[in-house]
Amino acid sequence: MNTERKIQTKIKGYRTVDGAGVSLVRVLGNHTTEEFDPILMLDSFDSTHPEDYTAGFPMHPHRGIETISYLSRGKMVHRDNLGNEEAIGDGEVQWMNAGSGILHEEMVPAADRLLGVQLWLNLPAKEKMSQPTYHSIKNHEIPEVSFKSGKIRVLAGDYQDVHGYKGDHLPLDYYDIHFDQQGELTLDTKEDDSVMIFTLLGDVYVGGEYVEEKTAVRLTPGTAVHLKSSELPSQILFLRSQPLKEPVAWAGPIVMNTQKELEQAFMDLQTGQFIKEKAQY
């Protein structure tokens, strides 16, 4: 029996400052971990004023998560202790598995507009201490599929028989969906998939319910979701994964499963043992 997904939770977010002084809207955070499992955090960027973001995010640590940054517009330069240094631009993605521990920075040069999001994807408990990795997903690696009233850019995962980048840990289908005015699309899902949508630009209807721009929605279980644009073109981000249903212990840039693991991570930082170069992965 087919069941249409409806909106279970709707969150607008709040303006805050992070990094060295980057103005952003934090939509998901430590108060939404259970509801949006396995997505831990979603920060939204949208500014035509470089002073809002060019301070960037200087070198800082992470452990226990994957960070996924998508820029619809703008540029971001990544550097890390593994020796990676690379920039992404309009329409591209950077995907980093912090695993057992990584130090990285993300600097954001001035542009006509910075528009995008950063997600934190949780790692399963057994993979929290996996080997850190970094991968940029460039435009030539992102398949595009046209439909009657728009297009889908497969940032990661699969859409029908079209395949995009795949991470090494949790499965994630991540679509950048562009609608013409009053465009419509129905996406099939498995009943128990964890599905969320973020309205990056413009207002849309999700399961028949109106959703304003810059809003995250978590959907009820079901086998399909119907999306419809308003009277203006719109752009939404669609994310589908599997809930972990594991405890979350989160402090700053570290996300583990227990308080003891958190304390160990910060002890490792203080004693210079955070980077596990000789770890048995």
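Computation of the quantities below employed the complete heavy-atom set of this structure, encompassing side-chain atoms and omitting hydrogens, waters and symmetry-equivalent molecules.
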Would you say [X]'s side chain and [Y]'s backbone share a donor-acceptor pair under 3.5 angstrom?
X: His104; Y: His78; answer: no
X: Asn84; Y: Tyr134; answer: no
X: Glu35; Y: Thr32; answer: no
X: Asp158; Y: His163; answer: no
X: Thr54; Y: Pro50; answer: yes
X: Arg240; Y: Gly157; answer: no
X: Asp80; Y: Gly83; answer: yes
X: Ser44; Y: Val25; answer: no
X: Ser194; Y: Asp37; answer: yes

Linking I/L/V/M/F/W/Y whenever their side-chain heavy atoms sit closer than 4.5 Å, directly or via other members, would [X] and [Y] fall into one cluster?
X: Met196; Y: Ile11; answer: yes
X: Phe198; Y: Leu227; answer: no
X: Leu115; Y: Met76; answer: no
X: Leu237; Y: Tyr175; answer: no
X: Leu121; Y: Val93; answer: yes

Nearest non-hydrogen partners of [X] and [Y], listed with the distance:
X: Ala265; Y: Arg63; value: CA-NH1, 3.4 Å
X: Asp192; Y: Pro243; value: O-CD, 3.9 Å
X: Pro253; Y: Ile65; value: O-CD1, 4.4 Å
X: Asn97; Y: Ser130; value: ND2-OG, 3.1 Å
X: Ile88; Y: Ser136; value: CG2-CB, 4.0 Å
X: Ser229; Y: Gln181; value: OG-CA, 4.5 Å

About how many Å separate [atom2] of [Y] and [atom1] of [X], when rounded to the nearest 0.5 Å?
X: Thr9; Y: Leu28; atom1: OG1; atom2: CG; answer: 10.0 Å
X: Leu123; Y: His169; atom1: CG; atom2: NE2; answer: 5.5 Å
X: Ile275; Y: Leu103; atom1: CD1; atom2: CG; answer: 4.0 Å
X: Ser241; Y: Asp193; atom1: OG; atom2: CG; answer: 8.0 Å
X: Lys126; Y: Asn257; atom1: NZ; atom2: CG; answer: 12.5 Å
X: Phe274; Y: Gln264; atom1: CZ; atom2: CD; answer: 11.0 Å

- Message: Let's go through Glu261 and Lys128 carefully: what are the C-alpha distance in whole Å and the side-chain angles of both, what is the deciding distance for side chain to side chain contact (heavy atoms under 4.5 Å, CB included) to 0.1 Å, and is it a yes or a no?
- Response: CA-CA 10 Å; Glu261 290 169 340; Lys128 288 284 190 188; 5.7 Å; no

- Task: Could you go through the side chain to side chain contact (heavy atoms under 4.5 Å, CB included) check for Val27 and Asp43 one step at a time?
- Result: CA-CA 6 Å; Val27 185; Asp43 282 349; over 6 Å; no

[X] versus [Y]: any side-chain heavy-atom pair under 4.5 Å?
X: Val248; Y: Val255; result: yes
X: Tyr70; Y: Arg153; result: yes
X: Glu191; Y: Thr3; result: yes
X: Thr215; Y: Lys10; result: yes
X: Val211; Y: Asp203; result: no
X: Gln182; Y: Ser149; result: no

Any salt bridge between [X] and [Y], counting N to O under 4.0 Å?
X: Lys6; Y: Glu209; result: no
X: Lys214; Y: Asp46; result: yes
X: Lys151; Y: Asp176; result: no
X: Asp268; Y: Lys276; result: yes
X: Arg79; Y: Glu86; result: no

Other residues, nucleotides, ligands: >12 heavy atoms within 6.0 Å of [X] [atom1]:
X: Lys166; atom1: NZ; value: yes
X: Glu34; atom1: CD; value: no
X: Met267; atom1: CE; value: no
X: Lys75; atom1: NZ; value: no

Flag for [Y]-[X]: side-chain donor and acceptor within less than 3.5 Å:
X: His226; Y: Glu184; answer: yes
X: Ser47; Y: Asp52; answer: yes
X: Thr189; Y: Arg5; answer: yes
X: Gln235; Y: Ser72; answer: yes

- For the pair Trp120 and Trp250, name the ring-plane relationship: parallel under 30°, tilted 30 to 60°, perpendicular over 60°. tilted

- Message: In terms of relative ring orientation, are Tyr165 and His135 parallel, tilted or perpendicular, with 30° and 60° separating the classes?
- Response: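 Tyr165 and His135: parallel rings.
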
- Message: Ring centres under 6.0 Å, that's the criterion: do Tyr159 and Phe238 meet it?
- Response: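 No - the distance between ring centres of Tyr159 and Phe238 does not fall below the 6.0 Å cut-off.
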
- Message: Between Phe179 and Phe147, does the ring-ring contact (aromatic ring centres under 6.0 Å, His included) criterion hold? Intermediate values first, please.
- Response: CA-CA 9 Å; Phe179 283 108; Phe147 58 95; 5.7 Å; yes

- Item | Verdict with reasoning, Tyr53 to Leu24, per side chain to side chain contact (heavy atoms under 4.5 Å, CB included) | CA-CA 8 Å; Tyr53 57 81; Leu24 53 86; over 6 Å; no

- Full working for side chain to side chain contact (heavy atoms under 4.5 Å, CB included) between Phe45 and Val108: CA-CA 11 Å; Phe45 313 96; Val108 190; over 6 Å; no

